[in-house]
Every structure is written in structure tokens, then in C-alpha cells.
Amino acid sequence: MSRVYNFSAGPSMLPEEVLKRAQAEMLECGDSGMSVMEMSHRSKDYDKIIKGAEALVRELMNVPDNYKVMFVQGGGSTQFAMVPLNLATKHKAADYIITGQWAKKAAAEAEKYIKVNKVASSADKTFSYIPKTTAKDFSSKDEVDYCYICYNNTIYGTRYTELPQTEATLIADISSNAMSEVIDVSKFGLLFAGAQKNLGPAGVVLVIAREDLLGEPMEGTPTMLTYKTHADNDSLYNTPPTYAIYILKLVLEWIKEQGGIAAVQKVNEKKAKILYDFLDSSKLFKGTVVKEDRSLMNVPFVTGDSDLDAKFVKEATEAGLVNLKGHRSVGGMRASIYNAMPVEGVIALVEFMKKFEQENL
Ligand SMILES: *Cc1c(COP(=O)(O)O)cnc(C)c1O
């Protein structure tokens, strides 16, 4: 067996320790006599898993007591509808900042239900930066129910380092940076993350929401798309994605063993620096994002020649560095270096890039 360094944007690498633990517990988890996949979601054994996962989210992210932690299905994309359906009930309007495909999709989905103010966008330069905003760019909290951002832009490789100066309730998609850096939950009304980038396998979405926001949704909202349904039933209204939540719990235990999110963030900053420092010194490769807005998780880069990009991706794959092709909408390359990517993986990539540069310059 030889595991590769997988730079996929998602689903992406999981810590090897987690996979080994899951393997060891595949046939029997604890003394339950069965695999987690075979357990009733209402059983004592499973209750320990889902409650344990919630407790770890609260501990690691320092979630205040007046917030609910939920595990729901439908991927990050279903949140694009759930957010307006549940939270835009007063003014039926919200501010959106358009920083890439995911924010664009979220805004388009919200427009089906509410008035969307696109208060800023970086579309003019292919989303290679985070638009600068000031308080006066935003609607007042008497005009909108919330302001929506995509915290880390998985496709374009930008991230927020300073939150927008809105007085409205801030909502953020943290699918690709959840638990990669310290986030102050109390600054947000709601945060959500599809697990398959940084937290576990596909199939579960983590939602953290301030309790007072979880009232009645818009009329006609399906029961399953109502946050209150999941909040009131501890994510057990119906059968949750039991195995995905179990793996997520193992990942959270792993994060805790690393020293928590602040410790993981230090490693992520180190990994990103290794790669960005090389990109800044390279004569062949260059990063596509303005320096101050560079993501710690997703690093897009190009050679400027699409044939050479293709050659690089092909040869990297042969060297065990896989999934480096950029998103189909931008081309070039993208290295996703989530929590589970070890420092050695980034060093191996940079060494390979140096060699490729020598051979092709
Ligand atoms: C991947 C991703 C999504 C979409 O998630 P799905 O689970 O595929 O619906 C949304 N937002 C961000 C930031 C993402 O990276």
C-alpha cells in the first residue's frame, strides 16, 4: 500500500490516525458488538458518539452556551437555502458579499426567497482578492436580516482576515476553513461547514447558530429545512448521517490531540508559508491571489502556460502528489492543504516544483 499526498479541495485528506482508528473499530465499536454503521441512531452507544461530537465542537471552537450545534444533511449547498428561509423572516432582505462561486451560488439561492443586496464583489479581478468595505457599504439592521460572507474561498484561494463592519447579524460559510484557524463564534449569528473539506467525510454539515435566531421559518419551509427541527431534537429528528458524524468525532479528537485549533493553526500557517514563500521566489510559478488575502487552506498557482500547467499536474501525479489541477472555472493548479495535510506533504510538493522549474525553464 502506498498512500499519496492528496491535495484535493474536497472530499480531501483525513488524518491517517483517524482512518486507522476507524479501521480498528470497523467490525466492532467499543463493546457494542457491531459497527457504527449498524447501530440504531437512538441507541446508547450511538448517543455517546453524537453527544461526544457535539461536546468536542463546543470545546474546540469555544462555542458560547447560547448557541446550538447541529449536524444536518444536504451539503453546504442546502445551507444556501436554509439560511434565508430561516433567518430572513423579518425584513426578507440580506446583504451578500460576492467573493467567488460559493458566495455567488448562495446569493442566487437566497434571491429565490428574499431581496439580496450585493454590497461588494471581487468579480472584476477573477475573485483574486477580498473586497475592501467600510460600515457605510452595508444596509442597516433595520433593513436586512443578516449579512452573508464566504469566509474562505475554496476555489479562488482567498480568505477574510478582518470581518466586515456590518451592524447586521453576520453569517459565514466556513466549509473550507472550519477548525483550521481560531474563529470567534460570538461574532456570528450562524456558521456552517460541509464536513468534507476539513472535518470529515461528505454527508454531514456542521451548523452553529445563535439560539434566538432559530424561530419560525418562512411559511412553506419544509420541516427538514427548518433549523428549529434539528436544534429542538439534538440533530436526531430523523436518522442523521451516523457514520459521517462518527468519523467527524474522530477528527475532532485528533484536533484535540494536536493541541486544539490554535496549535493546528500554527502548523497551517507554517505549511502555507513554505508554499507561498516558494511561489514568491519562483521564476516559473506564481500565486494568483493578492498577498494580504491569501488563504491558508487553498493555494492556487499558475505557470502562465496551460500546456505546461497540464504537464506539471501529470508529472506531479506520477510522483504521488495528486489532485493538483485547479478548479474547472479557473484552470492552473490549486494545492489544498487542509489540517490533515502534513508539513512533509507541502515540503514534498515544493521540492517537486523546484525540480520541475529547473527542467522546464
Ligand atoms: C465545497 C463548498 C461548498 C459546497 O459544499 P457541498 O457540500 O458540495 O454542497 C460550499 N461552500 C464552500 C466554501 C465550499 O468549499
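Numbering of ligands and ligand atoms starts at 1, following listing order.
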Ligand 1 atoms in contact with [X] (distance to a heavy atom under 4.0 Å):
X    : value
F80  : 10 (C)
Q196 : 5 (O), 6 (P), 7 (O), 8 (O)
T154 : 12 (C), 13 (C), 14 (C), 15 (O)
G75  : 7 (O), 9 (O)

How far is [atom] from its nearest protein heavy atom, and which residue and atom name does that atom have?
atom                    : value
atom 5 (O) of ligand 1  : G76 N, 3.6 Å
atom 1 (C) of ligand 1  : K197 NZ, 1.5 Å
atom 9 (O) of ligand 1  : S77 OG, 2.6 Å
atom 12 (C) of ligand 1 : D173 OD2, 3.3 Å

Tell me, which pairs form a salt bridge (Lys or Arg N to Asp or Glu O under 4.0 Å) where one or both residues lie in residues 187-198, sequence neighbours left out?
-> D184-K187
Heavy-atom gap [X] to ligand 1 smaller than 4.0 Å:
X    : answer
G194 : no
Y151 : no
C150 : yes

Under 6.0 Å from the NZ atom of K256, do we count more than 12 heavy atoms belonging to anything else shown?
-> no
In sequence, state the C-alpha distance, the side-chain angles, and the governing distance for R294 and D280, and then conclude on salt bridge (Lys or Arg N to Asp or Glu O under 4.0 Å).
-> CA-CA 12 Å; R294 285 169 162 178; D280 290 341; 2.8 Å; yes
Establish, yes or no, whether a centroid distance under 6.0 Å links the rings of Y156 and Y129.
-> no
Please confirm whether Y246 and Y46 have ring centers closer than 6.0 angstrom.
->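 No.
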Examine Y151 and V63 and state if one hydrophobic cluster contains both, with Ile, Leu, Val, Met, Phe, Trp and Tyr joined whenever side-chain heavy atoms are less than 4.5 Å apart.
->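 Per the 4.5 Å side-chain linkage, Y151 and V63 are co-clustered.
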Hey, does G74 come in under 3.5 Å of ligand 1, counting only N/O atoms on both sides?
->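 Among all N and O atoms of G74, none is under 3.5 Å from an N or O of ligand 1.
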How far does CZ of F71 sit from CG of L248, to the nearest 0.5 angstrom?
-> 5.5 Å
Quick one: hydrophobic cluster around V4, which other residues, with the 4.5 Å side-chain cut-off, linked directly or via members?
-> V322
Would you check if the side chain of E28 reaches a backbone N or O of G33 as a donor-acceptor pair within less than 3.5 Å?
->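 Checked: pair present.
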Any idea which part of F192 is under 4.0 Å from ligand 1, heavy-atom wise: side chain, backbone, both or neither?
->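 F192 to ligand 1: no contact under 4.0 Å from either part.
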